[in-house]
Amino acid sequence: MSKLPSFLRTLYSKPLHRCLLLGVSGSGKTALLYRMLLNELVGSIPTIGFNCEEIPTGRATLQFWDIGGGCGTIHPLIRHYMQPGSHILFLVDTAACLSDREVLSWTLDGLATEAQASRDSEGGFFGVAFGKQDRLENAAVDPRVAELEKSVRSAMETVYGDGKKGTRWAIYWNEEGGGISAATGAGLSDGWLAREFLKGIKAGLEEGKKNDSRPPMTSPPLSPPQKDPLDEGQLRALIEKQNEDDAYINLTVDEFFEKMESGMLEKWDHRAHLRAGYYVLIEILWVGHGLWEAAEDFLGKLESMLASDSKLAEIEGREKKFRNTVHRTMTTFYLHMIHISLLDFTAQNPSNLPKSTDFPKFLLSNPHLMSSQLWSAYYTKDTLFSPTAKSAWVLPDLKPLPTYINSVNGDGELKKNSSATPGHLTETERLQRFAFTILKHVKSTNQRRGKVIKDSLSALQKHIMHQRSKGINLEPYSETKAYFWIQILHASIDSLGGAKVIDIITLSFPSFVLLFPELLHRRDKGKEVWRPYYTEKSWESIEARMALVLPTLKPLPNVIVPPTAKEREAAVRKELEVRIVGRGSGLSDVEMMLHEFWVVSEVREADDVGRPPHTHGGLLWRIFSALWYAKQEKRGMGDALNEVLVADVRGKEPERRFGFTEKAFWARVVLKRFLEFELVKPGDVGGGDPRGAILMNFQSFLAKNKELVLKDMWQGYYSAETWHSEDAAVRFVPPDLKETENFM
Ligand SMILES: Nc1nc2c(ncn2[C@@H]2O[C@H](COP(=O)(O)OP(=O)(O)OP(=O)(O)O)[C@@H](O)[C@H]2O)c(=O)[nH]1
Ligand SMILES: [Mg+2]
């Protein structure tokens, strides 16, 4: 049986309503949220960043986003947490509003601003809750209470008009139930407020349906997807029939694409789409790339096909044969579905990597792909056919994409040891990893090879001396040995040669090793590789340690025998394994040292005044220095972080752009560690340049939290599909692999 039903079965899940919890700073948002969730009063520290919790209510789930800070400071951020249709629950600190005119005016201003913003951005329902009522005395007879309610009501009417109460907004007092209070739990621990708020959301939805002229008030309710007219058996029968008269089965992949790009395919039907996707993906797997490159490749070919067709149609004076347009989300979606089926197919056929001629067999074991309605379980029509989804990759709005991990063990759990450091390494392996990391760095950053090598060698020397001084048993540093491996690996990489080679930038070391087993894999061999070039005496000499000593027997090789097909296949398999299990390769101390060294030197060399961060190191630095200043100036760290988040969400092209989710992720990761970090030297903010002091602290911060230098850390929390989506670029999308709290 195929896996199809496992992810087509769960078509109907509970509706999830996205709700923002707003209110002035200290109004009790966090206390309210956790009273609803845990029925406890949680400690009272101001929220830095945000909390996100799901409160099951009736037959729906309310997903609350509690964003730290008052409306004034966070207002510019709100849109990054909001989606069209997000609902808002605005919390009023009732007691403070009565006793403090300033709080009252902040509250009313904030309320008016957020209500207007919600209206303007097609927001959903807007509720106002009067909290901290345990602090009121004689509320029923206090004229100030009535006065407060009147002001709130009139602010809401100003925004929504007076006829809209109940379907667009509501206020919550809970007079009969004893008020609302996170301290006593009134109105919260029994779920009253959540139920009332959900009622409002639903009333708003009903109203929205009745009145079509108004934009929808919520994320589209989960409607049953359109059913494919064909069931699994029928799909299978269709595939079998098409497999029999498959006109393209004898073409090589290149021939097929040539036909496609020149507009010469007989038809461009669903099967042809799947075939092209399958071919693109198997080629991409060989190179060591993934879905993103596959999507680019596919769309490029599609564009050529459409262009050729138009040209031919014009010349021949006929109608165009292909009517499709380029649709990025649709393409990426199907490629994703083919990709996970392909990984599965690969796992089930361990003897060979999938080939182009396996296409009929592949389809037959994944008949669901043949359904042209497959998308409808994941996307509403409105979302999938929006202009944004056509031009950018947009996440599904009905339910998350299935992942390969899900389809294997159903719970999305990554294997535990995914970031484990490798076991004991020989001196030779350490040097090989050192060399490999440097060469990858040179290739991916386009920096000057000579300078990178020189700097890295001196960093290695320091590192080894430092380790040895701590009593760790390592061979002394040897410039000649380190350089020797750089040279050997460089020649090996060059031997990979021309087009469609494995891309070493994405390759992990354990996979790379399999390409050159004779040189790198077998420990004893690796140990002796220097023998043809150096005499033992010169190899082990003191001079060879201090400086590069040229080979005494023969020059170092420039050419290395390229890997055989079998070796390449072994490497690709290993890499797939690494990717399927998450980043399974682990890094040694030497590799970690290099990454840390590069981050620090980049920050030290950059003149970053007012420049948006465009590298990972730059982003870390920006977040760290914001926190450092906040601490020195005794300002709120939450506000400082919020400023980093709203600033330069998009840096200048063509520099690297950071999406909002990416920045928020790193902000939280850095913050958590910053709170546990003791500043080495506070420095003097008042006079002079504090940069030196920050830099010193930054360096020792990184030394204590080395994992921060790994810019792929997000892979433990997010799927690549989510991380690279347009949604993640413009607003905060929570992790889809691990819970948020794990990194906070
Ligand atoms: N008496 C009383 N105190 C409350 C209530 N809710 C919250 N508090 C207190 O009010 C203070 C602020 O509460 P928080 O929940 O941290 O406020 P917040 O709105 O999340 O604040 P920020 O995260 O800074 O935006 C804390 O000292 C809470 O213990 C309540 O219902 N009654
Ligand atoms: Mg809070």
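Order of listing sets the numbers, starting from 1, for every ligand and every atom in it.
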Undergrad: Out of L136, D134, V24, L21, whose heavy atom sits nearest atom 2 (C) of ligand 1?
TA: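 Heavy atom nearest to atom 2 (C) of ligand 1 belongs to D134.
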Undergrad: Could you tell me whether some N/O pair between A182 and ligand 1 is separated by less than 3.5 angstrom?
TA: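 A182 vs ligand 1: N/O contact under 3.5 Å present.
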Undergrad: Using modelled atom types and a 3.5 Å cut-off, is there a donor and acceptor pairing between side-chain atoms of K711 and backbone atoms of G617?
TA: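 Not confirmed, K711 side chain does not pair with G617 backbone.
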Undergrad: Assess the pair F701 and F624: is the distance between their ring centroids shorter than 6.0 Å?
TA: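 Yes: the rings meet the under 6.0 Å criterion.
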Undergrad: Check for me whether G26 has a heavy atom closer than 4.0 Å to any atom of ligand 1.
TA: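 Distance cut 4.0 Å: G26 passes for ligand 1.
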Undergrad: Please determine if L32 has a nitrogen or oxygen closer than 3.5 Å to a nitrogen or oxygen of ligand 1.
TA: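 No - when backbone and side-chain N and O of L32 are compared with those of ligand 1, no distance drops under 3.5 Å.
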Undergrad: More than 12 foreign heavy atoms under 6.0 Å from CD of E676: is that the case here?
TA: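 Buried by this count: over 12 neighbours within 6.0 Å.
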Undergrad: Is the NZ or CZ atom of K399 both under 6.0 Å from the centre of the six-membered ring of Y378 and within 45° of that ring's axis?
TA: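 Output yes; distance and angle both within limits.
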Undergrad: Please state whether G131 comes within less than 4.0 angstrom of ligand 1, counting heavy atoms only.
TA: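 G131: no contact with ligand 1 (<4.0 Å).
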Undergrad: Is the distance from the Mg ion (ligand 2) to some N, O or S atom of S25 under 2.8 Å?
TA: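 Here the distance criterion (N, O or S atom, under 2.8 Å) is not met by S25, so no.
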Undergrad: Who's closest to atom 6 (N) of ligand 1 heavy-atom-wise, of G23, A31, G638?
TA: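 Of the listed residues, A31 has the closest heavy atom.
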Undergrad: Measure centre to centre between the rings of F732 and W65, then say whether the value is under 6.0 Å.
TA: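 Ring centres of W65 and F732 closer than 6.0 Å.
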Undergrad: Specify side chain, backbone, both or neither for K29, according to which of its non-hydrogen atoms lie closer than 4.0 Å to ligand 1.
TA: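 Contact part for K29 vs ligand 1: both backbone and side chain.
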Undergrad: Is a side-chain N or O of T167 found less than 3.5 angstrom from the main chain of E207, in a donor-acceptor match?
TA: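 It does not hold such a pair.
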